[in-house]
Amino acid sequence: MVKKNCCVFISGNGTNLNALIKNSRSYIFPINIKLIISNRKNARGLDLAKKFSIPYKIINMKKNLFENELMKEILYRKISIICLAGFMKILSDKFIKNFNGKILNIHPSLLPKYKGLNTFEKIIKNKETLTGCTVHYVNKNLDGGKILLKKSFEIFKKDDINKLKSKTQKLEHQAFSEAIINLYRMN
Ligand code: GRF
């Protein structure tokens, strides 16, 4: 199997990155992670890049410069799929257009519900009984691209924000990889 070269963008802990790295080590997983980009120099997820000897780049500049730098790296590494795994910066319409259909994001709610930030707070406030995560394509609308996969779980009365977060993340770690497998199975 010829694997696609993937770049993962992070800003934080990188638990989703960790799951992707682990799964990508299987020869039947359709992608290889060739590059990790962080817009924050202290992102804990960068430790994984070092641990697994994956090339990484910290790009911490204003949008235009940031994306120029990004493009250079992506072209150099022949990247054909980008996974946003907790990447907290909004990409420009131009960048998204350039990589149309090649950027995936994971979001901690059942989209189209609860786009944007503070998802768990909103879910609890609205007394939802079901939540989960969504893997979707990125387009110019925030958390609004075509949905590839959702995974859900029931919310119990005793579940607080931390509990929701940990249950959601557990599902996310399966969902991102599953969505990628499905994507290339169809292609
Ligand atoms: C995840 O919950 C993801 O849904 C959101 O940011 C979080 C990143 O977590 N977009 P991690 O850095 O992968 O641990």
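Counting from 1, the numbers follow the sequence of the chain as shown.
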Please give me the minimum heavy-atom distance between [X] and [Y], naming the atom from each residue.
X	Y	answer
Leu117	Met88	CD2-CE, 3.4 Å
Lys3	Tyr27	CE-O, 3.7 Å
Ser109	Thr119	CB-CG2, 3.4 Å
Ile59	Phe66	O-CE1, 3.1 Å
Tyr137	Gly101	CE2-O, 3.3 Å
Leu148	Ala179	CB-CB, 4.5 Å

To the nearest 0.5 Å, what is the distance between [atom1] ([X]) and [atom2] ([Y])?
X	Y	atom1	atom2	value
Ile74	Lys72	CD1	NZ	12.5 Å
Asn39	Lys89	CG	NZ	6.0 Å
Ser24	Lys34	OG	NZ	10.0 Å
Gln169	Cys133	CD	SG	9.5 Å
Lys115	His136	NZ	NE2	9.0 Å
Arg185	Glu178	CZ	CD	9.0 Å

Taking [Y]'s backbone N and O only, do any of them form a donor-acceptor pair with [X]'s side chain (distance below 3.5 Å, no angle check)?
X	Y	result
Asn118	Glu121	no
Asp159	Phe156	yes
Thr134	Leu111	yes
Asn139	Asn141	yes
Lys125	Phe120	no
Asn23	Ser177	no
Lys41	Asn60	no

Does any donor atom in the side chain of Thr129 or Glu154 lie under 3.5 Å from an acceptor atom in the other side chain?
->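 There is no such pair (donor and acceptor under 3.5 Å, judged by atom type) between the side chains of Thr129 and Glu154.
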Between Ser80 and Asn5, does any side-chain donor sit less than 3.5 Å from a side-chain acceptor?
->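 Per modelled atom types, Ser80 and Asn5 side chains form no pair under 3.5 Å.
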If you count the non-hydrogen atoms of other residues, nucleotides and ligands that lie under 6.0 Å from [atom1] in [X], is the total more than 12?
X	atom1	value
Ile28	CD1	no
Met61	CE	yes
Lys113	NZ	no
Ile58	CD1	yes
Lys57	NZ	no
Lys151	NZ	yes

Side chain proximity check, [X] to [Y], heavy atoms < 4.5 angstrom:
X	Y	value
Met1	Pro30	yes
Asn98	Met71	yes
Phe9	Ile36	no
Ile82	Leu104	no
Thr168	Glu172	yes
Phe87	Asn16	no
Phe176	Cys83	yes
Ile54	Ile21	yes

State which residues pass side-chain contact (heavy atoms from CB on, under 4.5 Å) with Leu35; sequence neighbours excluded, sorted by chain then number.
->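 Testing Leu35 for side-chain contact (heavy atoms from CB on, under 4.5 Å), a comparison that skips the adjacent residues, returns Cys7, Ile37, Pro55, Glu73, Arg77, Ile79.
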Nonpolar side-chain network containing Leu130, other nodes, edges under 4.5 Å |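 Besides Leu130, the cluster holds Leu110.
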Apply side chain to side chain contact (heavy atoms under 4.5 Å, CB included) to the pair Leu48 and Ile10, showing each step before the final yes or no.
-> CA-CA 11 Å; Leu48 294 165; Ile10 59 165; over 6 Å; no
Cation-pi check, Lys4 to Tyr184: give yes when NZ or CZ is under 6.0 Å from the six-membered ring centre and within 45° of the ring axis, no otherwise.
->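 Judged by the rule, Lys4 and Tyr184 form no cation-pi pair.
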Side-chain heavy atoms nearer than 4.5 Å, only ILVMFWY residues, links allowed to pass through others: does that put [X] and [Y] together?
X	Y	value
Leu17	Ile106	yes
Leu20	Val138	no
Ile181	Leu183	yes
Ile81	Phe29	yes
Val8	Tyr56	yes

For Tyr114, enumerate each residue passing the ring pair (Phe, Tyr, Trp, His ring centres under 6.0 Å) test, keeping only those at least two apart in sequence or located in another chain.
->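 Here no residue qualifies.
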Side chain to side chain contact (heavy atoms under 4.5 Å, CB included) assessment of Leu84 paired with Ile103 = CA-CA 7 Å; Leu84 308 186; Ile103 312 177; 3.8 Å; yes
